[in-house]
Amino acid sequence: MIPPWPGPVKNSFHKGFSSNASPVRGCNGVCKATTNLWGRLFDEGYKADVAIHTDDGGIVYAHANLLGTASPVLKGLLKQRKVSCRLKTISIQGFPYDAVRVFIRFLYSSCYEEKEMEEFVVALLVLSHLYAVSPLKQECQQKLEDGLLTTENVVDIFQLALLCDAPRLSLICHRMILKNFKAVSVTEGWKVMKQSHPTLERDLLDSAIEEDNSRKERIRKINERKIYLLLYDAMEALVHIYRDGCQTIGPCHKDLKENKDPCKYIACKGLELLVRHFAGCKLRVPGGCIHCKRMWQLLELHSRLCADSHVCKVPLCRNFKERIRKQSKKDENRWKMLVKKILRTKKIAGAPFLTSADVSSLW
């Protein structure tokens with residue numbers, strides 16, 4: 001079964017502004033002046049002692065003490081590097097210069113610009129995982145969940161989430177893939193995954209089949225419950241008609257009025273027509289008329305629910321009680337199962353024609 005949708009992530013980040021007045025997120029509750037100070041330290045590179053080289057020839061200058069404090073992985077790398085011309089050099093390969101710069105800047109101020117996050121969210125997710133920067137990793141996951149995740153990129157993000165040990169994000173991606181399976185299965189990301197990770201594709205296909213079967217089963221049970229509720233309503237209306245009378249039909253000793261208030265029993269009108277047909281039908285035998293057959297079944301169902309057939313006003317109630325004793329074991333079990341399902345659906349512990357003891361004996 002598919003796990004339920006995870007609840008929202010709680011964090012302490014809030015919106016702020018960078019030194020150039022661009023909107024940023026992060027700051028972890030630190031005052032604006034402090035974050036701006038750390039941002040300036042990074043931007044100006046004052047007394048920087050680390051040079052970070054990127055694939056495209058870019059260099060990001062930083063401070064070893066701060067990098068080592070923010071990332072245990074960077075701390076280990078810096079310990080292995082020898083000082084050359086007062087600068088330690090490390091390389092971060094596989095990522096563009098701008099993404100690396102946003103990543104290193106976050107280590108200083110825990111802030112980022114919204115546009116840069118939207119552009120480099122995937123790269124920042126991987127970087128935060130590789131260099132063990134949990135706050136940034138959490139922010140990347142939150143941004144993806146809040147709107148950056150689409151049917152076009154969900155397969156790629158799903159694979160990254162599995163590689164980056166992000167179970168919440170992988171679950172969200174998994175559910176999104178299943179919910180939009182037709183659209184996702186024709187994307188370029190799906191085609192690439194099919195070639196590079198066929199096992200993962202098979203797992204997703206199996207999940208999609210399981211989800212579809214579960215959906216069909218839920219629909220089947222909902223429709224089944226609707227039928228049981230209709231049968232229960234019909235039983236109530238049947239007792240109401242023969243005990244109290246309704247509109248133009250009822251016991252002979254009742255004074256019926258056609259213009260009285262509408263009946264509160266939903267099934268009453270349809271059942272009234274069925275009772276009238278049953279009373280006047282020339283083929284009123286089991287199997288002779290489909291409408292009469294339905295009426296016979298309703299009468300038998302009522303007799304199985306009735307608490308006391310000796311005082312019951314519904315016709316043939318006592319006769320059906322006697323007939324039940326002569327039924328085969330197979331028929332008896334089928335009717336008992338139907339009664340249990342009706343009572344379970346309605347969740348009743350007693351009805352106008354039932355006693356609580358009678359209900360408990362059915363279970």
Side-chain angles (χ1 to χ4, degrees), residues 223-258 260-363:
N223 292 333
E224 193 176 72
R225 282 196 292 269
K226 288 180 180 178
I227 293 174
Y228 296 146
L229 287 173
L230 288 174
L231 285 173
Y232 181 83
D233 291 340
M235 294 299 97
E236 282 192 322
L238 189 67
V239 173
H240 162 64
I241 288 173
Y242 285 104
R243 183 187 61 195
D244 308 320
C246 183
Q247 303 295 336
T248 61
I249 191 169
C252 57
H253 64 277
K254 290 281 184 178
D255 184 20
L256 304 174
K257 297 180 181 179
E258 295 187 34
K260 63 181 182 180
D261 295 336
C263 182
K264 67 176 182 178
Y265 295 95
I266 300 174
C268 194
K269 186 173 182 179
L271 196 58
E272 181 181 340
L273 296 174
L274 188 61
V275 170
R276 285 188 175 280
H277 169 84
F278 185 71
C281 183
K282 302 295 184 181
L283 301 173
R284 193 177 58 185
V285 292
C289 170
I290 187 172
H291 300 294
C292 292
K293 182 179 180 180
R294 186 175 297 123
M295 189 65 193
W296 282 109
Q297 291 171 339
L298 290 175
L299 290 172
E300 182 167 359
L301 178 59
H302 162 79
S303 69
R304 292 176 177 274
L305 290 165
C306 186
D308 189 353
S309 60
H310 294 285
V311 297
C312 182
K313 302 295 184 181
V314 177
L316 304 178
C317 183
R318 192 184 304 177
N319 299 64
F320 275 111
K321 288 281 189 185
E322 294 293 329
R323 181 185 170 188
I324 289 172
R325 300 173 186 174
K326 302 176 183 179
Q327 279 187 332
S328 66
K329 188 79 172 179
K330 183 178 179 181
D331 289 339
E332 178 67 15
N333 290 337
R334 189 174 72 248
W335 277 103
K336 279 187 175 181
M337 183 62 66
L338 175 61
V339 169
K340 285 182 179 181
K341 288 181 177 180
I342 292 174
L343 296 178
R344 185 184 296 119
T345 301
K346 193 66 178 179
K347 293 182 180 179
I348 58 172
F353 47 94
L354 282 168
T355 65
S356 57
D358 209 45
V359 173
S360 59
S361 67
L362 294 168
W363 296 91

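Residues take their numbers from the sequence shown, with the count starting at 1. Fair warning: this is a prediction, and the values are worked out from it, not measured in the lab.
- Taken from CG in L299 to CD in Q297, the straight-line distance is 10.0 Å, to the nearest 0.5 Å.
- Nearest heavy-atom pair, A234 versus L298, reported as atom, atom and distance to 0.1 Å: CB-CD2, 4.4 Å.
- Residues meeting the side chain to side chain contact (heavy atoms under 4.5 Å, CB included) test with I227, sequence neighbours left out: L231.
- L338 and L301 get closest at one heavy-atom pair: CD2-CD1, 4.1 Å.
- Within the 4.5 Å cutoff, the side chain of R243 has no heavy atoms near those of the V314 side chain.
- Counting only heavy atoms from C-beta outward, the side chains of D233 and E236 approach each other to under 4.5 Å.
- Proximity of Y228 to L343: side-chain heavy atoms (C-beta onward) are nowhere separated by under 4.5 Å.
- Annotation: side-chain hydrogen bond (donor to acceptor under 3.5 Å, both in side chains) contacts of R294 (sequence neighbours excluded): none.
- Counting only heavy atoms from C-beta outward, the side chains of L238 and M295 approach each other to under 4.5 Å.
- Taken to the nearest 0.5 Å, the NZ atom of K321 stands 8.0 Å off from the NE2 atom of H302.
- With sequence neighbours excluded, the residues that form a side chain to side chain contact (heavy atoms under 4.5 Å, CB included) with R318 are S309, H310.
- Counting only heavy atoms from C-beta outward, the side chains of C281 and H291 never approach each other to under 4.5 Å.
- Annotation: side-chain hydrogen bond (donor to acceptor under 3.5 Å, both in side chains) contacts of N333 (sequence neighbours excluded): none.
- Taking the salt bridge (Lys or Arg N to Asp or Glu O under 4.0 Å) definition, one finds that R225 meets it with nothing, sequence neighbours left out.
- Contact check for L316 versus W296: side-chain heavy atoms found under the 4.5 Å cut-off.
- Under the side-chain hydrogen bond (donor to acceptor under 3.5 Å, both in side chains) criterion, E332 pairs with R304, sequence neighbours left out.
- The shortest heavy-atom contact between C317 and S303 is O-CB, 3.7 Å.
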